[in-house]
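Predicted model, so just to flag it, every value in this text is computed and none were measured. So that the names make sense, note that chain A is the first sequence line, chain B the second, and so on, each numbered from 1.
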Amino acid sequence: MSTIQVVLPDGSSKELPEGSTALDLAQAIGPRLAKSATGARINGEVLSLQTPLKNGDEVAILTFDSKDGQYVFHHSAAHVMADAILRVRPDTKLAIGPPIEDGFYYDVEAEPPITEEDLPAIEAEMARIVKEDIPFVRREVPKEEALAHFREKGDQYKVELIEDLDDGTITYFQHGDFTDLCRGPHLPSTGKIKAFKLLSVAGAYWRGDERNPMLQRIYGTAFPSKKQLDEYLALRAEAEKRDHRKLGRQLDLFSFQSVGPGFPFFHPKGMVVMNALLDYWHEEHRKRGYGQVRTPIILDRALWEQSGHWDHYKENMYFTQIDERDFAIKPMNCPGGMLIYRSDRRSYRDLPLRLAELGTVHRHEKSGVLHGLMRVRMFTQDDAHIFMTPEQIQDEVIGVIDFVDAVYSLFGFEYAVELSTRPEKAIGTEEMWQNATDALRNALDVKGIDYRINEGDGAFYGPKIDFHIRDSLKRSWQCATIQLDFAMPEKFDLEYTGSDGQFHRPVVIHRVIYGAIERFLGILIEHFAGAFPVWLAPVQAVVIPVAPAFEDYARRVESRLFEAGIRVETDLGPDTMKYKIRNAQTQQVPYMLVVGERERENEAVSVRHRRLGDLGALPLDAFLDRLTAEIDTKALDPASNTAEQVGASS
RNA sequence: GCUGGAUUAGCUCAGCUGGUAGAGCACGUCACUCGUAAUGACGGGGUCCGGGGUUCGAGUCCCCGAUCCAGCUCCA
């Protein structure tokens, strides 16, 4: 019998009998690998384990530990779910059912619609299918045959999908009686899907277009073992506890009222955090050569017509009339910034001119997209407009990139970068867009930053670099953005006098660092699970007398810290010390200072840290030094559960 | 905006098939005077989201609206 040689990921090669499959290879490497294998990457392509290998193939066996391996696993689970749905509800029409990051979904149309109550029955059916351990089989059929098949079944969604495929041959994957249009690959058999759970049902438009009919999307997740599933579910429960909407109430930071949907109310403690963020912001801007401006909220309609917002952003804007004159409430700060630039003659010697603005904007967001502080209708952008000569673009863009990195590193945030290009609705010439996009790309390349291209997602006046922070629920939020703009200077006829004595057109960068303060605060709450670093904590220390007899000393400690600028409170009153500690812990106060007879005698405090617990007694002065240093350096909590993320930014 | 779900005390929630509301926490009073995550007793507190309708009777059923939640679409 002749043999073939295949190359493994580590560069070594393996000899196998001719006609061997990837599964045979896995078996040859080791039975445990064969057991946990989900698929194979053959010459860079993810394929099923049943794929026959050829001489010289480069083969990697995929398991659930890799993204591609998970993809195969989840994709197969989606098929099992679809099969189960059809068994429970035979009239259901299937649309699409792909794997996603933490599981899979299937979009279906059923009458009556499938609801959460149907899930247990579907899960039970899935369990049966898994237990039957049915092999997945790949088949190829001519396009015409596939069309005829799905037309006959009345599966109009599958028919549409097939019609859009250019290939004359269509791939099916089948297990038992269930056949689905699918490129694959899939697991060898259904029996590998040991642990799964259906999580939710929600509406989703066919092909993601809101003009199309709404289907039901059933979400599920699956793992090779029960243990992994349980861990995943526990993680989800933990993430829920960090939800900023929940913590916002518990920590009394902000609230929403039904009279103002999407309009947040900030409470005193929320304002302490926000003001600490803004103090830092002011200082950083001062150091980096920014001036600060403030422009009006309401401005004449004519301005918005000139800026292009009237034509390109109207559906998101609010309007009002004053003395029968039309005004708009600003959705962006840029036109105001342009007017300030234009308020004086500018020389190349004035450039770059960096004008920062904490600009409060209002945008009419669709009611269904509002989400706590993350998506609101009124928010304050930490905006800035940098007016510069074309030669200064790269340095200025790099300056902002460095600024963003400095700020995000301070919080230990991970972030991803995207470059967004010209959208359909856009102003300015093709050439302007080309230049602007190239300039941003250059800056990113010079910095050696990895980024993803986001075609057509730029602002209507220019391309942008976006920074997305991942929150604790693994959602990604756009925060910082750097937008390069050749168009607005044109529209507002901005100019500067060059060294040649001629007038030239400046270029503008629009940028934010936090993005929206509201959203950034929301992300911070979730990131720290409410346990803000000391420099941000609404209350930095609570003094707790062990008994009323020590209240005088407690007050002395309090005033000593207060004089030093510490946000300190004393918990007086009849409750027990334990109870007061519990309260402070619940409120995530970084330091609890327990004082009684021993402390009073020694002018000391017994320090309890919210994470490290009882640290023992310290002289009051020593504690104050330590606390002040922690605040000044903006240190992260030593035992914070986010500490390991420090410096892990992309 | 769309689809589905939810809305009961300040908060978290219970309230079966219709018979006019309950718990824990929080709050108040009193007692306790306490050494590192809940001392005890008593007490006050509710337009059951709003508006219509069905019914002898609606927190509960139906319709309209508001807000919130999940997802879709869209964004800082």
message: Using whole Å, what does the distance between atom C1' of nucleotide rA76(B) and atom CG of Asn333(A) come to?
response: 11 Å
field: side-chain N/O Tyr313(A) vs rA76(B) OP1/OP2, d < 4.0 Å
entry: no
- prompt: What is the ring orientation for Phe403(A) with Tyr290(A), classed by angle as parallel under 30°, tilted 30 to 60°, or perpendicular over 60°?
  reply: tilted
query: Could you give the CD-to-C1' distance, from Gln483(A) to rA76(B), as a whole number of Å?
result: 9 Å
query: Side chains of His364(A) and Asn316(A): do they bring a donor and an acceptor to under 3.5 Å?
result: no
task: Please report, rounded to the nearest Å, how far the C1' atom of rA76(B) is from the CE atom of Met332(A).
output: 10 Å
- line: From CG of Leu370(A) across to P of rA66(B) the rounded distance in Å is 13 Å
query: For atom C1', what is the distance between rC16(B) and rC25(B), given to the nearest Å?
result: 27 Å
query: Any luck finding a side-chain donor-acceptor pair between Thr295(A) and Glu357(A) under 3.5 Å?
result: yes
query: If you look at every strand shown and take non-hydrogen atoms under 4.0 Å, does Val512(A) touch a base, only sugar-phosphate, or nothing?
result: nothing
task: Look at Arg556(A) together with Glu599(A) and state whether they make a salt bridge at an N to O cut-off of under 4.0 Å.
output: no
field: Pairing residues for His282(A) by the side-chain hydrogen bond (donor to acceptor under 3.5 Å, both in side chains) criterion, not counting sequence neighbours
entry: Gln292(A)
query: Expressed as a whole number of Å, how far does the C1' atom of rU8(B) sit from that of rA58(B)?
result: 14 Å
message: Nearest heavy atom decides the nucleotide; on that basis, is Asp614(A) or Ser200(A) closer to the 5' end of RNA chain B?
response: Asp614(A)
message: Checking Trp206(A) against Glu160(A): is there a side-chain donor and acceptor pair closer than 3.5 Å?
response: yes
message: Taking the ring centre of each residue, are Phe411(A) and His527(A) less than 6.0 Å apart?
response: no
- prompt: Any idea how His74(A) and Phe104(A) line up, ring-wise: parallel (<30°), tilted (30 to 60°), or perpendicular (>60°)?
  reply: tilted
Nearest to side-chain heavy atoms of Arg377(A), which nucleotide of rG1(B), rC72(B), rG35(B): rG1(B)
message: Closest approach to the side chain of Tyr579(A), judged atom by atom: which nucleotide of rU36(B), rA76(B), rA26(B) is it?
response: rA26(B)
query: Just wondering, do Phe379(A) and rA76(B) stack (centres under 5.5 Å, planes under 30°)?
result: yes
message: Taking rC63(B) as the reference, what is the distance to rU73(B) when you measure between their C1' atoms (whole Å, please)?
response: 28 Å
task: Look at the aromatic rings of Tyr313(A) and His309(A) and report parallel, tilted or perpendicular, splitting at 30° and 60°.
output: perpendicular
Close N/O contacts between protein and nucleotides 10-14 of chain B (under 3.5 Å):
unit_1	atom_1	unit_2	atom_2	d
rU12(B)	OP1	Arg249(A)	NH1	3.0

message: Students often get this wrong, so: under 4.0 angstrom with heavy atoms, is Tyr219(A) touching a base, only sugar-phosphate, or nothing?
response: sugar-phosphate
message: Between rG46(B) and rG10(B), how many Å separate the two P atoms, rounded to a whole number?
response: 8 Å
task: Check whether NZ of the Lys or CZ of the Arg Arg217(A) lies under 6.0 Å from the centre of the six-membered ring of Tyr106(A) and within 45 degrees of that ring's axis.
output: no
- request: May I ask you to evaluate whether Arg245(A) reaches the phosphate of rC69(B), defined as a side-chain N or O under 4.0 Å from OP1 or OP2?
  value: yes
- prompt: On a whole-Å scale, what distance lies between the P atoms belonging to rU54(B) and rC11(B)?
  reply: 34 Å
- request: Quick one: label Glu599(A) by what it contacts on the DNA or RNA (base, sugar-phosphate, nothing), any heavy atom closer than 4.0 Å.
  value: base
query: Expressed in whole Å, how much space separates the P atoms belonging to rC48(B) and rA21(B)?
result: 11 Å
- prompt: Does Gln478(A) put a side-chain nitrogen or oxygen below 4.0 Å from OP1 or OP2 of rA76(B)?
  reply: yes
task: Could you run through RNA chain B and flag its stems, i.e. three or more consecutive Watson-Crick or G-U pairs with both distances under 3.5 Å?
output: B:1-7 with B:66-72, B:10-13 with B:22-25, B:27-31 with B:39-43, B:49-53 with B:61-65
task: Quote, to the nearest angstrom, the P distance that separates rA41(B) from rG24(B).
output: 10 Å
query: Using atom P of each nucleotide, how far apart are rC27(B) and rU67(B) to the nearest Å?
result: 32 Å
task: Just call it for Glu597(A): base, sugar-phosphate, or nothing, with non-hydrogen atoms closer than 4.0 Å on any strand.
output: base
field: Base rC74(B) paired with Arg363(A) side chain (donor-acceptor, <3.5 Å)
entry: no
message: What's Val361(A) touching, base or sugar-phosphate or nothing? Going by heavy atoms closer than 4.0 Å.
response: nothing
message: Do Tyr553(A) and Glu597(A) pair up side chain to side chain, a donor and an acceptor below 3.5 Å, judged on atom types alone?
response: no
query: Which part of the nucleic acid does Lys246(A) contact within heavy-atom distance under 4.0 Å: base, sugar-phosphate only, or nothing?
result: nothing
query: For the residue pair Phe263(A) and Tyr318(A), does the interplanar ring angle fall in the parallel (under 30°), tilted (30 to 60°) or perpendicular (over 60°) class?
result: tilted
query: For the pair made of CD in Glu109(A) and P in rC2(B), what is the distance, rounded to whole Å?
result: 19 Å
- prompt: What about Arg608(A): does its side chain form a donor-acceptor pair under 3.5 Å with the base of rA37(B)?
  reply: yes
message: Just to verify, what does Arg567(A) make a side-chain hydrogen bond (donor to acceptor under 3.5 Å, both in side chains) with, not counting sequence neighbours?
response: none
- request: Answer with base, sugar-phosphate or nothing: what part of the nucleic acid does Arg217(A) contact at a heavy-atom distance below 4.0 Å?
  value: sugar-phosphate
Pairs touching residues 512-523 of chain A that satisfy salt bridge (Lys or Arg N to Asp or Glu O under 4.0 Å), sequence neighbours left out: none
- request: Please determine, for the side chain of Ala204(A), which listed nucleotide (rU36(B), rC72(B), rU67(B)) has the closest atom?
  value: rC72(B)
Between protein and nucleotides 32-34 of chain B, what N or O pairs are separated by less than 3.5 Å?
unit_1	atom_1	unit_2	atom_2	d
rU33(B)	O2	Pro548(A)	N	3.4
rC34(B)	O2'	Val546(A)	O	3.3
rC34(B)	N4	Pro574(A)	O	3.0

field: Toward the 5' end of RNA chain B, by each residue's nearest nucleotide, Gln257(A) or His364(A)
entry: His364(A)
- prompt: Near Lys197(A) NZ, under 6.0 Å, is it more than 12 heavy atoms from other residues, nucleotides or ligands?
  reply: no
message: Does rA37(B) have its OP1 or OP2 closer than 4.0 Å to a side-chain nitrogen or oxygen of Arg610(A)?
response: no
query: When you measure from the side chain of Tyr205(A), which nucleotide among rA26(B), rC72(B), rU67(B) comes out closest?
result: rC72(B)
query: Where the side chain of Arg582(A) is defined as all heavy atoms beyond and including C-beta, which of rA38(B), rU73(B), rU36(B) is the nearest nucleotide?
result: rA38(B)
- request: Please report, rounded to the nearest Å, how far the P atom of rA38(B) is from the CD1 atom of Ile544(A).
  value: 12 Å
